[in-house]
Amino acid sequence: MPGPVPISAALTGGERRAFYLRLVDAASSLFHLRQILGHAIASGHHPDLPTTTKLIHRHSELVPSPSSSRSAFPLTLFSSHAQPDLFLLNVFLRCLPPNSALSLFSSIPRRHPRLRPDSFTLSFSLSAAASLSSPTAGLALHARIIVDGLSADRFIGSALTDFYFKFSQSSHAEKAFDQILKPDTVSWNTVISGLVRNCSFLRAVRAFVRMITLGNRVDSTTIAVVLPATAELQDLVFGQTVHCLGVKSGLEAQLHVATGLISFYSKCGDIPAAEILFEEINHADLIHWNAMISGYTFTGCIMSSISLFRYLLFSGLRPNSSTIVALIPVKTPFGREFLCKSIHGFVIRARLDLNSLVSTALTTAYSRLNDMESARKVFDEMPEKTMASWNATISGYAQNGLTEHAVSLFHDMQSRMLKPSPVTAASILSACAQLGALALGKWVHRIITEEDVELNVYVSTSLIDMYAKCGNILEAQKIFDGMPEKNVVCWNAMISGCAVHGYGREALRLFREMSVQIPPTATTFLSVLHACSHGGLVREGQEIFRSMFWDYGIQPLAEHHACMVDLLGRAGQLEEAMEFIKTAPADASKGVWGAFLGACRIHKEATLAKLASEKLFELEPKNPGYYVLLSNIYSASRNFSEAAAIREVANARKLGKMPGCALIEVEDVLHVFTAGDRSHPETSAIHRMLDRLQCQMVEAGYQAETEAVLDDVEDKEKEHVVEIHSDKLAIAFWSS
DNA sequence: TTAGGGTTAG
């Protein structure tokens with residue numbers, strides 16, 4: 001504490017100011033600061049401009065969050081000067097909540113006409129505008145910046161960049177950044193962080209590389225903002241390079257950097273590296289613990305995650321809502337049911353805040369358990385619903401096939417005048433894609449355009465997927481071509497779209513174009529192999545499969561093996577397919593034999609089919625599909641007694657099969673047909689059209705496979721064969 | 001002027 005007042009009375013004006021400035025610097029609490037001010041006034045020293053500026057500055061350091069501070073201290077001090085200088089005004093402006101800061105800024109010409117706002121005044125006001133949800137104030141500021149010719153200033157430029165990124169206007173943000181004459185570390189950090197927040201991960205990494213190439217210094221913020229991008233891109237090697245740079249620059253031990261590294265390594269599956277880093281931190285804070293717990297959960301190490309949580313409680317740290325969220329497995333299925341319920345119970349028992357963050361995570365976890373009732377209950381009970389919670393519930397409905405609920409909740413959102421976020425759009429589009437609902441998808445696309453929802457890489461990929469699955473491959477291609485940044489997932493979606501439409505050559509062309517730009521993933525290879533299989537490109541498919549491991553180091557999974565058998569089998573190369581099966585790993589058995597059985601059906605190979613079925617009955621005795629398939633193969637090769645016998649076995653084992661269905665959209669209405677369906681109101685017209693089509697097909701040279709052999713069929717079996725395929729009904733309905 | 005973990009999407 002400062003000593004008695006008389007010391008100050010003995011000093012000259014300049015000495016007295018220096019004395020108080022030193023005291024203010026050393027103040028360690030708000031109470032202390034007020035005492036210093038009291039002493040000064042009592043000794044007749046009314047704080048001059050520099051002392052007041054220092055007092056307000058120290059106050060904002062001690063009370064960092066302006067919005068939570070209700071203290072009148074800075075205001076009283078500022079108001080005591082009728083004619084503040086620009087320095088005092090800037091410091092005061094900075095400690096105000098955003099709306100007050102902006103009204104102070106707009107009052108400058110009237111109340112302080114002699115003061116001309118400088119780059120600090122404008123930058124601070126821009127930050128205030130960015131924190132408010134209305135962009136108008138920031139746009140007016142930008143207009144003024146342009147008029148005053150201040151766009152090249154690095155403070156102003158960085159604030160502008162950040163402002164536009166906060167409103168998801170990435171291209172304006174990057175333009176503002178490009179105008180900065182000499183961007184410094186903070187300017188580069190701003191642009192990298194903005195790109196990451198707007199999901200442009202590849203661009204963020206490129207900006208980081210450019211920053212270094214141009215000789216800029218990196219700081220702990222740079223490392224902390226670029227790491228989430230490398231984690232999202234699953235680029236372990238690049239992240240390790242960033243790590244090395246951090247070590248060489250002596251930044252590894254910084255709090256933010258350590259957290260970023262733990263999170264990065266665990267998201268890339270390198271738990272041991274994350275553990276070493278976590279253990280090396282001297283005084284780990286709650287965020288470090290949360291990052292490590294989340295890393296365990298993310299990679300499916302549920303037991304480690306729970307042990308670390310127990311240890312956290314034991315160590316006396318109080319978990320927060322992020323800790324609870326970190327415990328809820330969203331991406332892995334292991335132990336989800338148990339955890340979800342016990343965590344829900346724990347949150348209630350420990351009277352932890354069941355805030356929007358925890359509720360949203362619970363909603364997601366329940367929807368992944370296919371328990372939409374519990375998910376909806378958590379959502380309904382939320383006092384304040386966030387955008388994430390709306391999206392979690394909508395996507396939960398979509399992923400559980402409850403499309404009507406998803407759409408109805410989306411309508412609900414719109415009636416509350418809530419603008420859909422890119423996540424909302426992607427979730428709803430995924431529902432449309434599953435349903436094949438083109439009209440609904442187009443409607444969502446219109447809303448995206450009308451409401452100016454940012455077309456980020458997720459939304460564009462969802463649109464590609466939706467258009468491809470709903471049959472409009474040209475529109476999918478158009479969106480794909482217009483994307484400024486393409487990542488692996490959108491390339492995969494486009495290739496997979498080509499596969500579905502039978503465009504094998506186009507899929508291969510895309511694959512070649514892609515692989516010179518970014519490394520393909522296991523999913524890419526699956527899509528390309530599908531495309532080869534559907535396009536009859538056997539040699540090309542074999543070449544791709546070989547290259548997958550030898551050129552790209554990706555181990556083929558069960559699905560890839562099954563796809564290869566499908567490729568060979570469809571092309572009639574059953575011998576080769578059989579040889580290939582022998583080389584497949586054990587976990588691929590179901591898939592490869594299933595694909596082989598499918599090929600036997602196409603080529604009516606009853607003997608080989610029997611062999612495949614025996615394997616499949618062993619592997620999956622309760623799957624009715626294989627019985628149906630084998631029975632159909634026997635029917636096709638006129639072995640009706642065997643066909644009936646197989647059905648008997650299936651019936652005896654009480655294996656019912658879910659009927660497949662076909663969906664068709666006519667004039668924006670979705671119609672569903674199952675095999676032999678007569679429930680449609682226009683059923684007689686449909687059957688008339690079907691007959692007409694059948695005649696035309698026969699005239700065109702079509703040879704019916706089953707209908708021609710009906711004479712040999714027993715009554716019961718005949719009923720089954722006559723049952724009209726759902727796809728045929730849908731097509732007949734569309735034609736009628 | 002930038003800033004770590006955690007919820008929602010392809």
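Computation of the quantities below employed the complete heavy-atom set of this structure, encompassing side-chain atoms and omitting hydrogens, waters and symmetry-equivalent molecules. Each chain gets a letter, A, B and so on, in the order the sequences are listed, and its residues count up from 1.
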Over how many whole Å does the gap from [X] atom [atom1] to [N] atom [atom2] extend?
X      : N      : atom1 : atom2 : answer
A:N456 : B:dA9  : CG    : C1'   : 8 Å
A:L251 : B:dG4  : CG    : C1'   : 13 Å
A:I281 : B:dG4  : CD1   : C1'   : 10 Å
A:Y467 : B:dG10 : OH    : C1'   : 16 Å
A:E384 : B:dT7  : CD    : C1'   : 16 Å
A:Y366 : B:dT8  : OH    : P     : 16 Å
A:W390 : B:dT8  : CH2   : P     : 18 Å
A:F163 : B:dT2  : CZ    : C1'   : 17 Å

Using a heavy-atom cut-off of 4.0 Å across all strands, would you classify [X] as base, sugar-phosphate, or nothing?
X      : result
A:N492 : nothing
A:V459 : nothing
A:S430 : sugar-phosphate
A:R217 : nothing
A:C199 : base
A:K267 : sugar-phosphate
A:A388 : base
A:T190 : sugar-phosphate
A:E232 : base
A:V325 : sugar-phosphate

Would you please confirm or rule out a distance under 4.0 Å between OP1 or OP2 of B:dA9 and any side-chain N or O of A:S395?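 Answer is yes, contact under 4.0 Å.
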
Could you check which of [options] has an atom nearest any side-chain atom of [X]?
X      : options              : value
A:D285 : B:dG4, B:dT8, B:dT2  : B:dG4
A:T360 : B:dT7, B:dG4, B:dG6  : B:dT7
A:Q399 : B:dA9, B:dT2, B:dG5  : B:dA9
A:N290 : B:dG4, B:dG5, B:dT8  : B:dG5
A:L357 : B:dT7, B:dG5, B:dG4  : B:dT7
A:I287 : B:dT2, B:dG10, B:dG4 : B:dG4
A:S193 : B:dG4, B:dA9, B:dA3  : B:dA3

Do [X] and [Y] make a side-chain contact, defined as non-hydrogen atoms from C-beta onward lying under 4.5 Å apart?
X      : Y      : result
A:T121 : A:F105 : yes
A:L245 : A:Q240 : no
A:L227 : A:T230 : yes

Does A:K419 have more than 12 heavy atoms from other residues, nucleotides or ligands lying within 6.0 Å of its NZ?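 Counting neighbours around NZ of A:K419, more than 12 heavy atoms of other residues, nucleotides or ligands fall under 6.0 Å, so yes.
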
Suppose we call a contact any N or O donor and acceptor under 3.5 Å apart; does that hold for the side chain of [X] and the base of [N]?
X      : N     : value
A:S322 : B:dG5 : yes
A:T221 : B:dA3 : yes
A:H288 : B:dG4 : yes

So, A:R376 versus A:Y366: side-chain donor-acceptor pair below 3.5 Å or not?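 There is no such pair (donor and acceptor under 3.5 Å, judged by atom type) between the side chains of A:R376 and A:Y366.
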
Which word best sums up how the rings of A:H411 and A:W443 line up, parallel for under 30°, tilted for 30 to 60°, or perpendicular for over 60°?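 Ring orientation of A:H411 relative to A:W443: tilted.
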
Once you measure the plane-to-plane angle for A:F480 and A:W491, does it fall in the parallel (<30°), tilted (30-60°) or perpendicular (>60°) bin?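 Answer is perpendicular, since the angle exceeds 60°.
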
Of A:G396 and A:N189, whose nearest nucleotide on DNA chain B comes first from the 5' end?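 Whichever sits nearer the 5' end wins; that is A:N189.
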
Check whether the aromatic ring of A:Y458 stacks on the base of B:dG10, taking stacking as ring centres less than 5.5 Å apart and planes within 30° of each other.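 The base of B:dG10 is not stacked with A:Y458 (the test needs centres under 5.5 Å and planes under 30°).
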
